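Predicted model, so just to flag it, every value in this text is computed and none were measured. Here is how names work: the chains are called A, B, and so on, in the same order as the sequence lines, proteins then strands, and each is numbered from 1.
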Protein chains: 2
Amino acid sequence: MQTNLSPLTRKLSAFVALSEIDLETLARFDRRRRSFEPGHEMIHEGQTGSSAFVLSKGWACSYKILPDGNRQIVDFQIPGDFLGLRSILFRTADHSVEAVTRIEASEVIASDILDSFARAPRLATAVLWAASRDEAMVVEHLVNLGRRSAEERMAHFFLELGARLALVGVGDRTGYDCPLTQYHLADVLGLSAVHVNRVLRKMREEGLVTFKTGRVVFDDFGRLKALAVFDTAYLDQDGPLLR
Amino acid sequence: MQTNLSPLTRKLSAFVALSEIDLETLARFDRRRRSFEPGHEMIHEGQTGSSAFVLSKGWACSYKILPDGNRQIVDFQIPGDFLGLRSILFRTADHSVEAVTRIEASEVIASDILDSFARAPRLATAVLWAASRDEAMVVEHLVNLGRRSAEERMAHFFLELGARLALVGVGDRTGYDCPLTQYHLADVLGLSAVHVNRVLRKMREEGLVTFKTGRVVFDDFGRLKALAVFDTAYLDQDGPLLR
DNA sequence: CGCGGGCTTGAGCATAGTCAAAGTCTGTGG
DNA sequence: CCACAGACTTTGACTATGCTCAAGCCCGCG
C-alpha cells in the first residue's frame, strides 16, 4: 500500500484487497485531469458516449429534469465519488450531472473501465460494490421522499451528508462546510424552495440545525438524529470483504 | 447457446456476450431451488449472512420499514429479476424482501457469487450492468416520488410495470395480470391507501386505466403515457455492449 | 353464517404548494 | 466609493393535494 492513494483507490480498498496489478490499472483512471466551473453540465441526460468522472475536488449533483421544468436531484457527489458510471454502462446517459462548485476530476472513458475489468477482474467486483453502495444511498433517499415529512427529510439529509463527509475526513459533530443553496435543498428533498426556507427557520428556532450559506451547524446532534431516525448502517464500511 | 436458458442468463446475455465458461458458471446459480408462500419474508433488514435469489416464478417486493410502522416499497421483482444482491455484497441486509405471490426461486449464497466472479470475470461486469439497470429504475422511482402528483405516479408505475413485464413476455398493450393490492400501490407510491383508492377511481372514470384485483387494463394507453411523461429509455436493452 | 382482508366513501384537517413582494448579499463597473 | 444587477433568502396570504379517522360494503373461505 502506498501512502498517497487516490480517493477512488481508498474507497475501493475498503471492500476488496487490491493487488499490484489492480492498483496499476486503477492508476490509469487518473490520467485525464479536468476541471469545471460551477454550473457546468458535465453529463447531459440522453447524450450518447458520455464519460464518467472520479471527483477529486468540489461538489457535483446528478439529477433528472421533467418536461414541466421541475428538477429532482438524485444525489450529490463529493470528493472520492464516482460519477456517471451508468452513462458508460448504458449507451445513453439516463441522468444529467452538474458541477455545484468548481470541480477537479479525472475523466474516465468507457474503454478505460471495460478494459480494466479484463486486466484486473477484481476491480469489476470492487466497482460493483461501490455502485451498490451508491444504490443503497438512493434507496434511503427514496424512503425519505416517500415516507418522511419535510422536517424529517431535511434532518436526514444533513446527517447523511455529514456522515459521508466525515468518511472522507471533512467536518465533524459540530457541522461542516456546505456550498448548497436552498434551491438545491428543495430539488433534492422534493420540496418547493419556499417551504425549504420555512422548514429551515423552524429547525433553527427549535435549536436543531442552522443552515447558513456555506455551512451546516448541528445545534443538537442527538435530537436531530432522533428526529430523522438516522441509522448509518447503509454507509458503514467494515473493512475488506474480499481478500 | 442453448434453447432453454434461465431467465437470469437471458437477462445478462443482453449486455455481455457470455462464453461457455460463463454459462457453466451461471448454471451453478440454479442449483438450490426454493419456493415461498405469499407474505413470507425472504430477507430481513439488518440480518447478516443473507442469501440472494433469482426469481423464476411469482412476484416479490423489496422495502424498508420505518419505526412508526410505515413502509416504503422500493421495487417489485418479477421473474428473471435478481433479488437481495446488496444483502450479499454488504455484511448485513439494508432492506427486506417479501414474497407477494407464491414464489419459485433459486437461492444464491455469497460464495456462489464471489467465486463465480473469480472463475468467470465477465460475469462480474454483467452483474454490474444488471445492478446498474436496477439502480436506474430506483432513480426513476425517486423522481416519481419527488416531483410527480399522485395521478402521474400511478400512471408511471403501471406503465413501467407493463414495460418490464413485456420484456419477459407477459402482458401487452391492453394490460397485464397483476397480483398487487391497493395497499401495495400505496406503499410503493408513497401514498395512503385511501388516497390510492380515490386516484384509481378518478383514473377509471377518466378512461385512463382500470385496476381491478388481479389485472391492470389500459383503457387509453396513449393518454396514460402522456400523463406520466413515460419514456422507456432507462429500461431499453439494445443488445450486448461487451462482446 | 360469520370472519377477515381488501375496497369504497365521506368529513375534516394538515402539510406543503403557488403567487407575490420585498429584503440581503456580493461582485462589477462607473 | 457608490450604484446596480443578479442570485439567493425571507415572509405573507391563499390554495390544493393528500392524510386521518370513521364507517360501511363486498366477497371468498372455513
Side-chain angles (χ1 to χ4, degrees), chain A residues 37-40 59 61 66 68-73 98-102 144-157 178-206 209-217 227, chain B residues 37-39 59 61 66 68-73 98-101 144-157 178-206 209-217 227:
Chain A
E37 292 308 308
H40 182 86
W59 292 36
C61 67
L66 294 180
D68 62 4
N70 254 325
R71 166 164 100 154
Q72 177 63 50
I73 294 181
E98 180 183 287
V100 172
T101 64
R102 187 187 155 75
N144 226 8
L145 292 188
R147 289 295 181 206
R148 289 198 250 244
S149 70
E151 204 176 335
E152 291 166 341
R153 282 183 225 178
M154 191 76 80
H156 189 277
F157 176 75
C178 172
L180 306 179
T181 67
Q182 293 185 7
Y183 286 93
H184 285 121
L185 295 181
D187 284 351
V188 76
L189 298 177
L191 300 169
S192 67
V194 171
H195 198 59
V196 162
N197 186 278
R198 290 193 231 275
V199 171
L200 284 175
R201 172 165 47 131
K202 180 155 178 265
M203 295 178 89
R204 190 182 342 113
E205 286 169 359
E206 287 174 339
V209 255
T210 306
F211 176 86
K212 41 185 178 190
T213 335
R215 187 154 182 95
V216 172
V217 178
L227 172 64
Chain B
E37 292 307 309
W59 292 38
C61 66
L66 294 180
D68 63 5
N70 255 325
R71 166 164 100 153
Q72 177 64 49
I73 293 181
E98 180 183 286
V100 172
T101 64
N144 227 7
L145 292 188
R147 288 296 181 206
R148 287 199 251 245
S149 70
E151 203 176 337
E152 291 165 341
R153 281 182 225 180
M154 190 75 78
H156 189 277
F157 176 76
C178 173
L180 306 178
T181 67
Q182 293 186 4
Y183 287 91
H184 284 120
L185 295 181
D187 284 351
V188 77
L189 298 176
L191 300 168
S192 68
V194 172
H195 198 59
V196 162
N197 185 278
R198 290 193 231 275
V199 171
L200 284 175
R201 172 165 46 131
K202 180 155 179 265
M203 295 178 89
R204 190 181 344 111
E205 286 169 359
E206 288 173 339
V209 254
T210 306
F211 176 85
K212 41 184 179 192
T213 334
R215 187 151 182 98
V216 172
V217 178
L227 171 64

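With D:dC8, C:dA16, D:dG18 as the candidates, the nucleotide lying closest to the side chain of A:Tyr183 is D:dC8.
Among the atoms of the strands shown, only primed sugar atoms or phosphate atoms (P, OP1, OP2) are found under 4.0 Å from some heavy atom of B:Leu191. If you check every strand for non-hydrogen atoms under 4.0 Å, B:Val194 touches a base. A:Ser192 comes within 4.0 angstrom of a base, heavy atoms only. Here A:Gly190 lies in heavy-atom contact (under 4.0 Å) with sugar-phosphate atoms only.
Distance B:Glu152 CD to D:dT17 P: 11 Å, rounded to the nearest Å. Between the P atom of C:dA16 and the CG atom of A:Asn70 lies a distance of 16 Å, rounded to the nearest Å. Going from atom CG of A:Leu180 over to atom P of D:dC8 covers 12 Å, rounded to whole Å. Rounded to a whole Å, the CZ atom of A:Phe211 is 9 Å from the P atom of D:dT10. Computed from coordinates, the A:Arg201 CZ to C:dT24 P distance equals 15 Å when rounded to whole Å. Atom-to-atom, CZ of B:Arg148 to P of D:dG18 comes out at 14 Å; the value is rounded to the nearest Å. One atom, CD of A:Glu151, and another, P of C:dT15, lie 10 Å apart when rounded to the nearest Å. Nucleotide C:dT15 holds its C1' atom 15 Å from the CG atom of A:Leu145, rounded to whole Å.
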Show the numbers, then the answer: is there a side chain to side chain contact (heavy atoms under 4.5 Å, CB included) between B:Arg148 and A:Leu66?
CA-CA 9 Å; B:Arg148 287 199 251 245; A:Leu66 294 180; 3.6 Å; yes
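Listed pair A:Gln182 / D:dT10 meets the phosphate criterion, a side-chain N or O lying under 4.0 Å from OP1 or OP2. Side-chain N/O atoms of B:Asn197 include none lying less than 4.0 angstrom from OP1 or OP2 on C:dC7. The phosphate of D:dT11 (OP1 or OP2) has no side-chain N or O of A:Arg198 nearer than 4.0 angstrom.
Between the CD atom of B:Gln182 and the CG atom of B:Asp187 there is a distance of 12.5 Å, given to the nearest 0.5 Å. We find the OG1-CD distance between B:Thr101 and B:Glu37 to be 9.5 Å, quoted to the nearest 0.5 Å. Annotation: the span from B:Ser149 atom OG to B:Met154 atom CE amounts to 10.0 Å, rounded to 0.5 Å.
Counting only distance, with no hydrogens or angles, the side chain of A:Arg147 and the backbone of B:Asn70 share no donor-acceptor pair below 3.5 Å.
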